[in-house]
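Beneath this line is the structure, given in structure tokens, with notes to follow.
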Amino acid sequence: MKKILLSLCLILCISLQNGLAQNPKHEFRATWFTTVENIDWPKTYIKNASSRTQQQKELTDIFDKLVAGNMNAACMQVRSMCDAMYKSSYEPWSRALTEERGKDPGYDPLAFAVEEAHKRGLELHIWVNPFRVTSSGTISTSDKIWQNAGQWIIKYNNGSFSGQIIDPGYPEAREYVIKVLMEIVNNYDVDGIVMDDYFYPYGGTTTEDADSKSKYKPNNVVDVNQDGRTDDDWRRSNVDACLKALYDTIQSVKPWVRFGMGSFGIWSTQRKAAQAYGLTLPSGISGLDDYEVQACNPVEWVKNGYVDYVNPQLYWSTNIAAQDYDVLCKWWAKDVCEHFSNLLPNGKKVHHFPSPAAYKVYSDSPGYEDGVEEMKREMDANRANLSSGYTGAVFYNTTSYLKMYDELAKSHFQYTALTPPMDWKVTDTLAAPSNLKLSGTTLTWSHPTETRFTVYAYPKGTGVKSASSNPIYLKAIVYGNSYNTSSLGSLTNTTIAVYTYDRYGVEHGVALYNADPNATEEPEPENPDPG
């Protein structure tokens with residue numbers, strides 16, 4: 001009998017350790033939630049009350065599936081072309097809502113999205129395109145954006161881009177963009193803000209910004225690449241200045257709001273650009289790059305801590321050498337995020353949550369012949385190349401992810417996970433919840449300040465420290481002070497632990513329901529997962 005019990009214990013320990021290895025407790029799991037051109041949502045334009053209800057249901061259905069797939073966040077596009085999926089003082093309503101730019105949809109989609117995401121324990125990160133006005137053609141001079149920012153709008157027709165942008169070369173234009181984005185941060189209870197990679201347009205800039213250059217480009221711009229192209233160095237500095245100012249402003253108002261950057265997957269192919277940062281470029285990588293084409297320099301932002309996380313768009317497979325997912329993932333995680341995080345003051349870390357191309361699984365793209373198996377290989381690469389001890393993924397796009405969510409949930413996302421903590425921003429330890437009470441199947445508690453909590457359920461006799469280190473027992477992230485226990489069945493032999501979970505992603509004090517006074521802590525696994 002003793003041998004049988006010992007064998008069962010060994011099996012349980014192995015099972016728990018495998019659960020930790022394959023399903024880390026901390027992992028950012030999200031999708032790019034695209035609204036431009038109605039790619040992901042909404043699919044129904046608002047024409048009347050019935051279609052408004054249908055549009056809202058489409059949104060909550062998506063959130064339900066994200067939760068079913070054990071995702072913990074959504075990156076929702078709320079400003080794609082100087083338009084708004086929210087009540088804006090500066091820019092018009094998006095045409096994605098009603099099929100007519102500037103038309104009031106009769107409700108606030110972002111407020112609705114925040115409420116519904118939080119109901120389900122999902123973080124909501126707003127996805128914004130800072131400078132793009134149109135992707136083709138020109139905006140009407142009667143448009144609200146023209147009235148507020150028309151003096152900084154410039155037109156391109158460079159073969160790759162034939163639209164308009166707000167020129168980052170004007171300091172006033174950068175201030176305008178920050179003002180627009182801070183209105184969202186100030187007015188909505190969002191968990192993060194992430195920028196897409198549209199700064200200066202693909203195809204490059206030549207004379208389109210001649211006016212801002214004549215007014216604001218200094219004579220002493222450092223020629224980083226020693227190629228005589230100081231215009232590009234100046235343009236990069238404009239984007240850098242905008243990012244830094246926005247980050248600093250967010251920190252002064254709501255420092256728990258994560259600021260991220262979804263940059264293009266290849267930073268640069270210029271050896272001298274890498275040497276300026278003491279970096280070696282990833283081996284064998286070639287192709288379009290952010291640094292040269294868009295004057296976009298995420299390495300600078302990581303180096304100086306202007307962002308909390310980066311989502312390099314690694315929209316390539318693990319078996320095409322010139323843009324190898326494995327090579328690029330390791331370079332961003334280790335050479336950039338981990339390397340520069342170790343040099344930042346006050347313990348700050350920049351996390352790496354790469355973006356895989358879920359859409360290519362369904363588009364007959366080279367390298368994706370194995371379908372969802374390729375996505376699984378990319379998730380393995382993410383976990384093998386941790387940045388500051390944590391991992392993550394932001395799938396593009398939501399529609400494609402929802403075709404594979406159940407399969408990925410079975411293989412890689414079997415249990416709920418918490419987003420990686422920004423513990424360098426936390427100075428105070430928060431009190432535990434109090435007054436835990438069960439009424440029917442509803443567990444409630446009280447807390448004087450916090451509104452977010454984590455809930456664990458585990459066999460009586462298990463120590464709370466052991467249980468809360470294992471994602472198998474993590475049942476929910478709760479915005480509020482109640483949890484429905486009906487999915488747990490009988491609670492006779494179950495302890496429930498409720499932790500205060502701050503907006504930085506750090507767990508604090510814990511309160512127990514149905515605690516076992518004889519519970520003991522299990523020994524730590526020999527190689528615990530860093531998540």
Modelled atom types, side-chain donor and acceptor of [X] and [Y], under 3.5 Å:
X: T318; Y: E378; result: no
X: T398; Y: T31; result: yes
X: Y479; Y: D189; result: no
X: E27; Y: N382; result: no
X: S355; Y: W32; result: yes
X: Y107; Y: Q55; result: yes
X: H412; Y: D380; result: yes
X: N129; Y: Q77; result: yes
X: N397; Y: S400; result: yes

Handout entry: Cation-aromatic face contact R120/F63, 6.0 Å, 45 degrees
Key =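 No, a cation-pi geometry is absent between R120 and F63.
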
Handout entry: From CA spacing to verdict: salt bridge (Lys or Arg N to Asp or Glu O under 4.0 Å), K348, D308
Key = CA-CA 8 Å; K348 177 177 171 61; D308 295 316; 2.9 Å; yes

Handout entry: Residue that, paired with Y309, satisfies side-chain hydrogen bond (donor to acceptor under 3.5 Å, both in side chains) out of K349, R258, H125, H352
Key =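 Exactly one candidate clears the test, H125.
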
Ring centroids only, cut at 6.0 angstrom: are [X] and [Y] within range, meaning strictly under it?
X: H351; Y: W424; result: yes
X: Y396; Y: Y359; result: yes
X: F264; Y: W316; result: yes
X: F131; Y: Y198; result: no
X: Y473; Y: Y415; result: no
X: H508; Y: F453; result: no
X: Y306; Y: Y247; result: no

Handout entry: salt bridge (Lys or Arg N to Asp or Glu O under 4.0 Å) evaluation trace for D370 with R377
Key = CA-CA 10 Å; D370 288 346; R377 285 193 288 269; 3.1 Å; yes

Problem - Exceeds 12 heavy-atom contacts within 6.0 angstrom, atom NZ of K254 - result: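 Buried by this count: over 12 neighbours within 6.0 Å.
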
Practice task
Report, as yes or no, whether the 6.0 Å neighbourhood of atom CG on N48 holds more than 12 heavy atoms from other residues, nucleotides or ligands.
Solution key: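 Yes, CG of N48 has more than 12 neighbouring heavy atoms, counting only those of other groups under 6.0 Å.
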
Practice task
Any chance you could lay out the side chain to side chain contact (heavy atoms under 4.5 Å, CB included) test for Y45 and N38, step after step, and finish with the verdict?
Solution key: CA-CA 9 Å; Y45 290 121; N38 305 83; 3.2 Å; yes

Assess whether a salt bridge exists between [X] and [Y], defined as any Lys/Arg side-chain N lying under 4.0 Å from an Asp/Glu carboxylate O.
X: R452; Y: E507; result: no
X: D191; Y: R503; result: yes
X: R101; Y: D143; result: yes

Problem - Pairs touching residues 43-54 that satisfy salt bridge (Lys or Arg N to Asp or Glu O under 4.0 Å), sequence neighbours left out - result: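 Salt bridge (Lys or Arg N to Asp or Glu O under 4.0 Å) check on residues 43-54 returns K47-E99.
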
Exercise for the section: Would you mind listing every salt bridge (Lys or Arg N to Asp or Glu O under 4.0 Å) that reaches into residues 396-416, with sequence neighbours excluded? Expected result: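 Qualifying pairs: K376-E407.
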
Problem - Identified salt bridge (Lys or Arg N to Asp or Glu O under 4.0 Å) partner of E91 from the options K179, K144, R79 - result: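 So, applying the salt bridge (Lys or Arg N to Asp or Glu O under 4.0 Å) to E91 and each of K179, K144, R79, only R79 qualifies.
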
Exercise for the section: Could you check D290 against I266 for side chain to side chain contact (heavy atoms under 4.5 Å, CB included), going step by step and ending with a plain yes or no? Expected result: CA-CA 6 Å; D290 239 1; I266 300 174; over 6 Å; no

Exercise for the section: Decide yes or no on salt bridge (Lys or Arg N to Asp or Glu O under 4.0 Å) for K65 and D61, but give the supporting numbers first. Expected result: CA-CA 6 Å; K65 288 182 179 178; D61 285 349; over 6 Å; no

Problem - Verdict with reasoning, N470 to K25, per side chain to side chain contact (heavy atoms under 4.5 Å, CB included) - result: CA-CA 7 Å; N470 196 318; K25 177 180 172 178; over 6 Å; no

